[in-house]
Amino acid sequence: MTNALTVIALLLTAVTATTAALTREPVRQAVVLAFLGLCLALLFTVLQAPDVALSQLGVGSAITPLLILLTVRRVRRQEQADEHPDRTE
Amino acid sequence: MSRTARLRLFLAAAAVLAAALITAATELPGFGGHHHPYGERAVAAGLARQTANIISSVNFDQRAFDTLGEESILFGSVLGAAILLRLARDEGKRRAAAEPVLPTTRLFGATLLPVTLLVGGYLVAHGQLSPGGGFQGGVALATALHLAYVAADYRVLKRIRPLAALDVADALAAGTYAALGLIGLAQGAGYLANTLPLGTFNQMSSSGLVAVINAAVGVEVASGVVVLLAHFLDQAVEIVHNGENR
Amino acid sequence: MTPRHTLALVLLVAGAAALLLAALALAVLPGPYLRLHALSPAAALGAPLVALALAVDTGPGRAAVKLLVIGLLLAIGGTVTTMAVARTTVRAERKAQQ
Amino acid sequence: MSVFPYLVAGWILLAGLYGLVTSRNLVQAVGCLAVAQSSTYVLLLAVGYRSGATAPVFSDLPTDAPVVDPVVQALVLTDIVVGATVTALLLSLVIQLRKRHGTVDPEELTGLRG
Amino acid sequence: MNTADLLPLAVAVPLLGAAVLAVTGRRLPRPGRDALATAWAAADVACLTLLWARTAPDGRAVSWLGGWSPRGGHSVGVVLVADRLGAGLALLAAVLVLAVVCYAWRYFDEPSGEHGGVFPALLLLFEAGMVGFALTGDLFDAFVFFELMGAVAYALTGYRIEDERPLQGALAFGLVNSAAAYLSLLGIGLLYARTGELGLAQIGAALDQHAAAGHGRDALVVVAFVLVLAGPLVKAATAPFHFWLPDAHAVAPSPVCMLLSGVMVELGVYGVARIHRVVFAGAGGLPDDAVRDTLLAAGVLTALVGAVMCWPQRHLKRMLAFSTVGHIGLFLIGAALLDPAGLAGSAVYVAGHAGAKAALFGLTGVLLDRYGSVDEHGLHGRARELRLTGLLFVIGALALAGLPPFGTGLGKAVAEEAAGHWGGWLPAVFVLVSALTGGAVLRAGLRVFGGLGARPAEDPEAAATTGEGEEPEIREPGRRPPVPMLLVPALLLAGCLAVGVLPGVGRALAAGAAAFTDRDGYLAQTLGGAPAPAGAAPEAWWTVPGVLLGLLSTLLAVGLATAAVRRAPGRDTSGLFRVTVLPLRRLHSGLLGDYIAWLTVGLAAMLAALTAQL
Amino acid sequence: MNAWLIAAAVLAACGVGPCLLLGLRGSPEQRLAGLNLAATITSVVLLLLAQGFSRTSYTDLALDLAVLAPAGTLVFTRFLAGRQQ
């Protein structure tokens, strides 16, 4: 049973990681990265590494997406500012 | 190089790399093998030091120097982000605007915030006993504060976030970690030696220095992540180019 | 098999079925609105049911209370976030139609 | 089964590198770096796994139970922190670069060449 | 104080200093901050000097952290090991940090208020990372400190956020180096799977046992070798992993460049040599011949690429950065000989080069300070007024070219002689690279400070990075250069001279090189056995051929520089130049995707080369 | 081998799988809906694993995810709402 669980978690991780690398648009990629965080946490738990899974949950599902989205938000705001120099957001 | 040339070059090289990795994988001991000499020694050493969570024992006692380096990376990144995301000469700050949220979300955020703080504190406090520890708990604590941003808006977060104090706390915790090592040095047992009383197995007060370092790491991670995110939030929400309208 | 275990199993099957149904609905149903409709009750129901099953299996004690708290958190969190997601979806659709 | 986890780790690494090579957006490139990094987590934890064993956390376990390797777990914990902080630093560079250069497309970054 | 205690202290002191500066920095006035930073940097120099003095010339100081000394040859802790080369490199890093802190007293337009003290705090963290990397005897610990110096260096490189180029350079630096660090970690994972150990000595011993148990050499060791060394090799800017270096070093603030070029890159070569020697040089590792050939090829390629790319540069800092690439190639050649003599030559060379290169970057900082430009063409003749600066610059260029009796000349002579034993043509590489890099810098010095020759014409075909329009690093252009900005480079050049003149330095480093290559001694002393006496130390002193070759490369450099200065402007570039240099320049495209692709290509090439020779 | 682990495996494969189907393509809003459900299902799987491995201390994972996942989802909704204005 554990083997089956490991294989499932590994497959989920591989598929999500591949998609994350292939997703071109940063916001969509951020969602996929959050997914990747979940899959990795699942994999780590199956591999009996709860401490690591806890870290991954914190970093993968909260911190990294927040960082990426804040970056994108700043970048977008700049784009708007460049297009309409007299108006923001 | 043109884009296709680059891709071809990469794919050719990646094929070699892939072949090498596959060959290496077949020569590795099979998945789930029983040969872990260092791991077994680490378990014995951790139990001898009255630490129930062996991972914490490895992180904060046996390989505490690694973790000192890791916390310094965090500290350095917080300082680095502060320097990189500082106000440029041609930029100013504007007031953050209120942002719309559903009333249920707001209420939920207000309820979840203390719960998350509690969970974070719990994870830090039990680091030497159960899964979790300074880092995991610290991240949860930092995330808790940012519920104020995602469930309300940036102005609320700024009100409940003692940024100046956290900035100092981050540096102090980083310094404390490095300084804690000197205790062992002064006692002649070596840098970062666990010379504190070890306590009883599976109790909150067990494992000596591990618990203390764990707490310092918790403080550093929580405050460091908040400060780090504060710089990003300032950029995303408040800082504008002087040419931009406010 | 004691009645307690049977109850736990029944609850587990019910909870898991609710979650699977939600996942299936998410994948199969056409259109964003329908999906969201199917999603929220199943998720809000499934998680607490499974938590309850685990609590029943564990028996009374601190561990069971913790399980129930987690189930409650999941139910509330799932519902509220689903609403928030729904609102964003609605807005996006509206904007797309404009 | 005995090599599958290692192969997955290698696959993730190559996928991440592919994403980096073909990236047209620096934010996305930083994300791809995070993907490439996750291959290290998978490899290390797979190396430390021992079948039939459980986590080396003895608060709810007899001390003679078979456990998996705690050392790799400590390594991966460190790795995760390092990854997150480096991601943050790189993203802050991207933010400033966008302001000064006006693009986040690495193909248009030609200020330094030759 | 115990000698062993000095090792962790040398890492802890700057870490504590960084924390103190971060807390008090915003409350102290600028001079207070500078004084604090200087005191802290000086304390670490003192600590490491003591360590250097107390380390036996042919022995090592070993410190098991946390008191986890090995029992029966096994330990669960992290070990720090200092031999003369490791401690010496750490000392070099500390001295350069002290120099940089002093250099930046009056130089840097450091933001005050909220961010006061952050810059020196980052410098101290950088120092902690370099010292930790130089002293550690544990593979994963090396990864951690490698990342520490990396992360801080990215931030320091992108320090001038008002200019786009530093940001771009820092980003390339960060992405490429982080990717390489993760490859290293994968390699560490492979080694851990095979041996179940993390300490360098333990892994080495376990690999040997594996071989002694009758297992043959296999692909796993090759793959692990290549992956583990990916990090240090990229940090050392070995071709084709070198693309990030000119981008980063050309744009980082001048004081930071002094550190990056002076010692951080060299730490990469040190890491390669150390990891190979302790982990892979035994029976369970790789055959010496295969490793030597592979690393020699990489070294020669790096040296030639660096030198050829250095010559046509007009952006002074980029020119210096490419000259670093060239010299790194030479250091790698010395280390790749895998014998004490070559290593001793590289060690002396690194010490001398650090002084010369840091001084040159410092002097370029004076130009940037005064004229807001580091463009060779744009500054033509403008810096005639800075006589002393010009003199120092020319001396630095000659030192770079290997003029006896500078330390660079001595190191080059010793390494050349060692290399000559393995391939008669290798000394030619040393001469050529020294002449080209020294000549390029000399040419720039003559043009900028002497105003010699006509102003060069623009070449529309070259994809060149100009040095115009740099953001000045301070806010009062046109002031007299402050005293520390000249004194520090002068002292650094004096240090470069001292390395070549004082016989003690060369002798100590040669003994250290013998201890470094003594693998059995390292294993025995680290794991708690009795060390056997190390082999005889090689000779590291001037010889007649060495002096002559040094003079030859200097003369060549002078000849090249004067020829270039005298050349009539607007004359067509030669055909040879068109077919060699131009395509090479085009490869340095500044594009991130290219850099990662080259990283993969380099790995694949190394894998193929090593497998073919197995 | 017990009912809890079987349930965990089924939920991981047939629960998270469809969420991935939606979450890895389509518009950000669609992906977010997938992520949201995936987080809930993952929490449940983590709970089941804790029971299946008979490790009560593993429940901390589900607890952590239960408080962090809503924060993560709200981050996205906050961003998407800002973008739509």
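Every value quoted in this text rests on a predicted model; they were computed, and no experiment measured them. Within every chain, numbering begins at 1; the chains are lettered A, B, ... in the order of the sequence lines, protein sequences first and strands thereafter.
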| Heavy-atom distance under 4.5 Å to chain B: side chain of E:Leu21, backbone, both or neither? | neither
| query | Does any heavy atom of chain E fall under 4.5 Å from the side chain of B:Asp167, the backbone, both, or neither of them? | reply | side chain
| query | With only heavy atoms counted, which part of B:Leu182 is less than 4.5 Å from chain E, the side chain, the backbone, both or neither? | reply | side chain
| query | Where on E:Leu7 is there a heavy atom nearer than 4.5 Å to chain B: the side chain, the backbone, both, or neither? | reply | neither
| query | Using non-hydrogen atoms only, which part of B:Ala189 is less than 4.5 Å away from chain E: side chain, backbone, both, or neither? | reply | backbone
| Is there any residue in residues 11-30 of chain B with a non-hydrogen atom under 4.5 Å from a non-hydrogen atom of chain E, and which ones are they? | B:Ala13, B:Ala14, B:Val16, B:Leu17, B:Ala20, B:Leu21, B:Thr23, B:Ala24, B:Glu27, B:Leu28, B:Pro29
| Structural part of E:Val11 lying under 4.5 Å from a heavy atom of chain B | side chain
| request: Could you look at E:Ser69 and say if it's the side chain, the backbone, both or neither that has a heavy atom under 4.5 Å from chain B? | output: neither
| query | Checking heavy atoms, do the side chain of E:Leu156, its backbone, both or neither come under 4.5 Å from chain B? | reply | neither
Atom pairs and distances, side-chain donor-acceptor, residues 117-125 of chain E, under 3.5 Å, sequence neighbours left out:
none

| said: Which atoms of E:Val223 are under 4.5 Å from chain B, going by heavy atoms: the side chain, the backbone, both sets, or neither? | reply: side chain
Quiz: residues 74-83 of chain B side-chain donor-acceptor pairs under 3.5 angstrom, not counting sequence neighbours:
| residue | atom | partner | partner atom | Å |
| --- | --- | --- | --- | --- |
| B:Ser77 | OG | B:Ile73 | O | 2.9 |

| said: Between B:Arg161 and B:Tyr154, is there a side-chain donor-acceptor contact under 3.5 Å, judged purely by atom types and distance? | reply: yes
| Structural part of E:Ala170 lying under 4.5 Å from a heavy atom of chain B | neither
| note | Cut-off 4.5 Å, heavy atoms of chain B, and the answer for E:Leu599 is neither
| At a heavy-atom separation under 4.5 Å, does E:Leu190 approach chain B through its side chain, its backbone, both, or neither? | both
| task | Tell me, for E:Thr600 versus chain B, whether the close heavy atoms (under 4.5 Å) come from the side chain, the backbone, both or neither. | result | both
| field | Option from B:Gln62, B:Arg49, B:Gln128 for which side chain to side chain donor-acceptor pair (under 3.5 Å) with B:Ser57 holds | value | B:Gln62
| E:Ala193 portion near chain B, given a 4.5 angstrom heavy-atom threshold | both
List, one per line, each side-chain donor-acceptor pair under 3.5 Å for residues 138-149 of chain E, sequence neighbours excluded.
| residue | atom | partner | partner atom | Å |
| --- | --- | --- | --- | --- |
| E:Asp138 | OD1 | B:Arg63 | NH2 | 2.6 |
| E:Asp138 | OD1 | E:Phe140 | N | 3.1 |
| E:Asp138 | OD1 | E:Asp141 | N | 3.1 |
| E:Asp138 | OD2 | B:Arg63 | NH1 | 3.2 |
| E:Asp138 | OD2 | B:Arg63 | NH2 | 3.4 |
| E:Asp141 | OD2 | E:Thr136 | OG1 | 2.9 |

